[in-house]
Amino acid sequence: MNTQTTPRPAGSGRRPQSGAPLLLPVLAFTALTVAYVAANRSTPHPDASGAEVLRYAQDHGTAIKAGTFLLLGSAFPLTVAAAAFYRRLRALGITAPGSAITLAGGVLASGMLALSAMFGWAGGRLPADASPALARALADLSFLSGGPAYAATFALLVAGLSVTGLLAGLLPRPVAWTGLAIALAGMVGTLTLVGSGFAYLVPVVRFGGLLWLIAATALMPRTRHEVRARDGVAAS
């Protein structure tokens, strides 16, 4: 993936835009994600029977509704963060596909969170005479969209930022390589669909990705001047 920069027109008197603020939506996404996990910490595992899932839904309807509200809410700041990252990369002169991949990955990941919340909310409203098979199906759809599918699409966001940050010198190399490792884990996590042994990669991406996103936000330069200054310090 080649990184290209768009030169500033000669004689332009306008200040280069540094892009939208990044920290606020990233912190909002982090807080809502942690709150959701705390609210749904006792959710039945994907290998639980339909009867167990249905029993849990009937006994914990309020917790399920609160959790799905938080999960749906987390999708919105993630979308804003992806758009802010895209605008920041463009403001830094990045015209290579990495900026678009970052935006696309963030939007797709937000969609997966919204789908997971909707399936989970529907599963929490099942009546007492509902079929256990229906309860298991809704739980599976919620897990697949909010688990492996989210991990893979979030991996696109992380990969777009990592590759661009590595090639254009926007992120420290250890941070960029760590991001690539997280992105790889997200892609490999899709193998959960064919083998439950890969399911552990989903929380690795969810929580490791959160920490990485905060670090990338803090380290991402706002202007090309900051990039040149960082390069100068590294060279000296």
Side-chain angles (χ1 to χ4, degrees), residues 1-34 74-110 151 153-187 204-236:
M1 182 186 300
N2 294 325
T3 54
Q4 304 171 359
T5 58
T6 303
R8 185 181 175 188
S12 174
R14 298 175 58 186
R15 292 183 59 187
Q17 295 182 348
S18 59
L22 292 172
L23 191 58
L24 182 60
V26 169
L27 290 180
F29 170 63
T30 301
L32 288 168
T33 298
V34 172
S74 69
F76 301 111
L78 179 57
T79 303
V80 174
F85 273 116
Y86 171 79
R87 185 65 192 90
R88 176 69 61 85
L89 293 175
R90 297 290 293 181
L92 290 170
I94 303 300
T95 59
S99 58
I101 292 172
T102 299
L103 177 61
V107 171
L108 288 172
S110 299
T153 51
F154 186 78
L156 289 176
L157 182 153
V158 175
L161 286 174
S162 299
V163 173
T164 303
L166 183 65
L167 297 181
L170 303 180
L171 292 173
R173 295 179 69 85
V175 174
W177 282 111
T178 300
L180 289 175
I182 292 173
L184 178 61
M187 292 302 178
V204 168
V205 175
R206 184 180 293 276
F207 297 109
L210 279 178
L211 296 175
W212 185 89
L213 199 61
I214 294 172
T217 300
L219 296 171
M220 181 72 67
R222 295 181 62 87
T223 64
R224 293 300 303 180
H225 175 73
E226 293 182 21
V227 178
R228 290 191 293 268
R230 180 185 296 174
D231 292 341
V233 171
S236 60

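- Scanning both residues, Val80 and Pro25, for their nearest heavy atoms gives CG1-CB, 3.9 Å.
- Checked against side chain to side chain donor-acceptor pair (under 3.5 Å), Thr79 has the following partners two or more places apart in sequence or in another chain: Ser110.
- When all heavy atoms of Met220 and Arg88 are compared, the closest pair comes out as O-NH1, 3.6 Å.
- Rounding to the nearest 0.5 angstrom, the gap separating the CG atom in Leu213 from the CZ atom in Phe29 is 7.0 Å.
- Across all non-hydrogen atoms, the minimal contact from Ala159 to Ala183 is CB-CB, 3.9 Å.
- Interatomic distance, CZ of Arg206 versus CG of Leu211, reported as 13.0 Å (0.5 Å rounding).
- Between Leu22 and Phe85, the shortest heavy-atom contact is CD2-N, 3.4 Å.
- Using a 4.5 Å heavy-atom cutoff, the side chains of Thr217 and Leu27 are not in contact.
- Of all heavy-atom pairs spanning Thr153 and Ala109, the tightest one is OG1-CA, 3.2 Å.
- To the nearest 0.5 Å, atoms OG1 (Thr30) and CZ (Phe207) are separated by 11.0 Å.
- Residues Pro77 and Leu32 approach most closely at CG-CD1, 4.0 Å, considering heavy atoms.
- Each of Leu92, Val175, Leu219 was scored for a side chain to side chain contact (heavy atoms under 4.5 Å, CB included) with Leu170, with one residue passing: Leu92.
- When side chains are defined from C-beta on, Ser162 does not count as touching Leu171, because their heavy atoms never get closer than 4.5 Å.
- With values rounded to the nearest 0.5 angstrom, Leu184 atom CG is found 9.0 Å from Leu180 atom CG.
- How far CD1 of Ile182 is from CG of Leu161: 11.5 Å, rounded to the nearest 0.5 Å.
- Contact check for Leu157 versus Leu78: side-chain heavy atoms found under the 4.5 Å cut-off.
- In this structure, the side chains of Val158 and Val205 stay at 4.5 Å or more apart for every pair of heavy atoms.
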